[in-house]
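All figures in this text were calculated on a predicted structure; none of them were measured in a lab. In what follows, chains are A, B, ... by sequence order, proteins preceding strands, each numbered from 1. Both backbone and side-chain heavy atoms feed into the values below; hydrogens, waters and symmetry mates do not.
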Amino acid sequence: MPELPEVETVRRALEIGLDGLSVAGVDGHPVMMRRPLDVGLIASRIDGRRFTAARRRGKYLLVDFDGAGTLMIHLGMSGRLMLCETTEPILHHTHLTLSLSDGRELRFVDPRRFGFAHWLEPGEEDLDPSLAGLGVEPLDPDMEVLLPPLLHARRSPVKSLILDQHLIAGVGNIYAAEALWRAGIRPTRPGCRTSLTRLRRLAVTTREVIEEAVAQGGTTIRDYATPAGDFGYFAVRLQVYGKEGQPCPRCGRVLKDTRIAGRITVWCPHCQR
DNA sequence: CCAGTATCCTGCAGGC
DNA sequence: TGCCTGCAGGATACTG
């Protein structure tokens with residue numbers, strides 16, 4: 001579900017919503033997610049602890065607890081965090097619930113269980129394989145310099161490359177399609193067959209589309225919502241994602257869809273070469 | 001090391 | 001109406 005803009009929106013909501021609060025109880029039951037959910041371990045570490053920060057790296061959320069360590073959360077495809085009253089109905093597939101010192105709750109819901117919540121002891125963060133392998137942040141000022149040579153060294157389709165979290169962290173299927181359309185690059189074009197000039201252009205459009213989406217609170221396609229239940233408003237600005245068969249906003253010809261590395265990609269055969 | 005595919009899981013839409 | 005298939009914002013383990 002969530003790509004960088006959605007995760008960043010969630011992070012900001014947690015930063016404000018959890019400010020000054022502490023954990024007054026942990027509830028849930030062990031379940032197999034992308035990493036096993038160890039409710040007992042999490043409870044033993046955070047119960048009674050105060051929230052000190054909410055950080056983000058790529059699509060990973062990092063919630064710090066007063067020197068105790070960090071709860072690392074990935075929302076996968078269907079994951080959602082809810083900051084709500086205890087009277088709020090409990091959704092199916094609510095795996096973890098933190099009772100908060102103000103009487104509210106933070107709930108982690110994930111029907112498909114492609115996400116996870118994993119406890120990191122102090123110092124473990126740098127060793128975590130998922131975090132350690134992440135590429136450059138799209139909002140990093142150096143990104144436009146660092147990324148193009150990396151893409152140029154690979155034979156895979158550029159679409160696959162900007163989805164590769166080891167190269168650039170946080171871009172998913174929606175923003176990959178949008179960035180490629182803005183840059184005028186055919187998604188199937190191999191990285192090594194794309195000029196550095198055009199790859200620089202792609203780096204710029206990627207940063208731009210991510211920035212604009214963050215400003216709009218992300219994109220709601222079906223069920224994404226912020227912890228407060230708000231939707232993301234970037235959907236109205238999507239130009240190609242989910243619009244196969246419709247006219248290209250630039251040239252008016254019909255947008256096509258192709259499957260690349262198992263993921264659908266919408267693109268304009270006329271504008272994207 | 002690199003590139004491509006299969007796989008985890010549930011919910012929902014569309015075809016018959 | 002109901003059953004079946006395929007698809008969905010992702011990451012990783014495998015294969016060649």
Quiz item: Of all heavy-atom pairs between A/Val171 and A/Gln165, which one has the smallest distance, and what is that distance?
Solution: O-NE2, 3.0 Å
Given [options], identify the nucleotide with an atom nearest to the side chain of [X].
{"X": "A/Ala261", "options": "B/dG4, B/dT5, C/dG10", "result": "B/dT5"}
{"X": "A/Arg263", "options": "B/dT10, C/dG10, C/dA8", "result": "C/dG10"}
{"X": "A/His74", "options": "C/dA8, C/dA11, B/dC2", "result": "C/dA11"}
{"X": "A/Ser156", "options": "C/dA8, C/dG10, B/dG4", "result": "B/dG4"}
{"X": "A/Arg113", "options": "B/dT10, B/dA3, C/dA8", "result": "B/dT10"}

Answer with base, sugar-phosphate or nothing: what part of the nucleic acid does [X] contact at a heavy-atom distance below 4.0 Å?
{"X": "A/Gly172", "answer": "sugar-phosphate"}
{"X": "A/Leu163", "answer": "nothing"}
{"X": "A/Pro157", "answer": "sugar-phosphate"}
{"X": "A/Tyr175", "answer": "nothing"}

[atom1] of [X] versus [atom2] of [N]: gap in Å, rounded?
{"X": "A/Arg154", "N": "B/dC1", "atom1": "CZ", "atom2": "P", "value": "11 Å"}
{"X": "A/Arg259", "N": "B/dG4", "atom1": "CZ", "atom2": "P", "value": "16 Å"}
{"X": "A/Arg80", "N": "B/dT10", "atom1": "CZ", "atom2": "C1'", "value": "16 Å"}
{"X": "A/His118", "N": "C/dG10", "atom1": "NE2", "atom2": "P", "value": "21 Å"}
{"X": "A/Met77", "N": "B/dT10", "atom1": "CE", "atom2": "C1'", "value": "11 Å"}
{"X": "A/Leu167", "N": "B/dC1", "atom1": "CG", "atom2": "P", "value": "14 Å"}
{"X": "A/Glu6", "N": "C/dA8", "atom1": "CD", "atom2": "P", "value": "17 Å"}
{"X": "A/Lys59", "N": "C/dG10", "atom1": "NZ", "atom2": "C1'", "value": "6 Å"}

Going by atom types only, do [X] and [Y] share a side-chain donor-acceptor pair under 3.5 Å?
{"X": "A/Arg50", "Y": "A/Ser101", "value": "no"}
{"X": "A/Ser156", "Y": "A/Arg154", "value": "no"}
{"X": "A/Thr52", "Y": "A/Asp66", "value": "no"}

Check whether [X] reaches the backbone of [Y] with its side chain - one donor and one acceptor, N or O, closer than 3.5 Å.
{"X": "A/Arg189", "Y": "A/Arg193", "value": "yes"}
{"X": "A/Arg198", "Y": "A/Gly184", "value": "yes"}
{"X": "A/Ser99", "Y": "A/Ala24", "value": "no"}

Could you write out each protein N or O paired with an N or O of nucleotides 12-16 of chain C at a distance under 3.5 Å?
unit_1 : atom_1 : unit_2   : atom_2 : d
C/dT12 : OP1    : A/Ser130 : OG     : 2.9

Quiz item: What stem regions, each of at least 3 consecutive Watson-Crick or G-U pairs below 3.5 Å, can be found for DNA chain B?
Solution: B:2-8 with C:10-16, B:10-16 with C:2-8
Self-check item: Sole residue of A/Leu150, A/Leu147, A/Leu151 in side chain to side chain contact (heavy atoms under 4.5 Å, CB included) with A/Leu161
Solution: A/Leu151
Practice problem: Apply the side chain to side chain contact (heavy atoms under 4.5 Å, CB included) test between A/Glu6 and each candidate in A/Leu75, A/Thr219, A/Ile174, A/Val214; give the one that qualifies. | Solution: A/Thr219
Quiz item: Considering residues at least two apart in sequence or located in another chain, which fulfil the side-chain hydrogen bond (donor to acceptor under 3.5 Å, both in side chains) criterion with A/Asp102?
Solution: A/Arg104
Please answer: with hydrophobic residues joined when any side-chain heavy atoms are less than 4.5 Å apart, are [X] and [Y] in the same cluster?
{"X": "A/Ile260", "Y": "A/Leu202", "answer": "no"}
{"X": "A/Met82", "Y": "A/Phe114", "answer": "no"}
{"X": "A/Val39", "Y": "A/Val63", "answer": "yes"}

Quiz prompt | Distance under 6.0 Å and angle within 45° of ring axis: A/Arg34 vs A/Phe116 | solution = no
With a 3.5 Å cut-off and sequence neighbours excluded, list the donor-acceptor pairs that the side chains of residues 230-248 of chain A form with protein atoms.
none

Quiz item: Going by heavy atoms closer than 4.0 Å, what residues in residues 204-220 of chain A are next to DNA chain C?
Solution: A/Thr219, A/Thr220
Please enumerate all protein N or O atoms sitting under 3.5 Å from an N or O of nucleotides 11-14 of chain B, with distances to 0.1 Å.
unit_1 : atom_1 : unit_2  : atom_2 : d
B/dG11 : OP1    : A/His93 : NE2    : 2.9

Self-check item: Integer angstrom distance from the P of B/dC9 to that of C/dC14
Solution: 15 Å
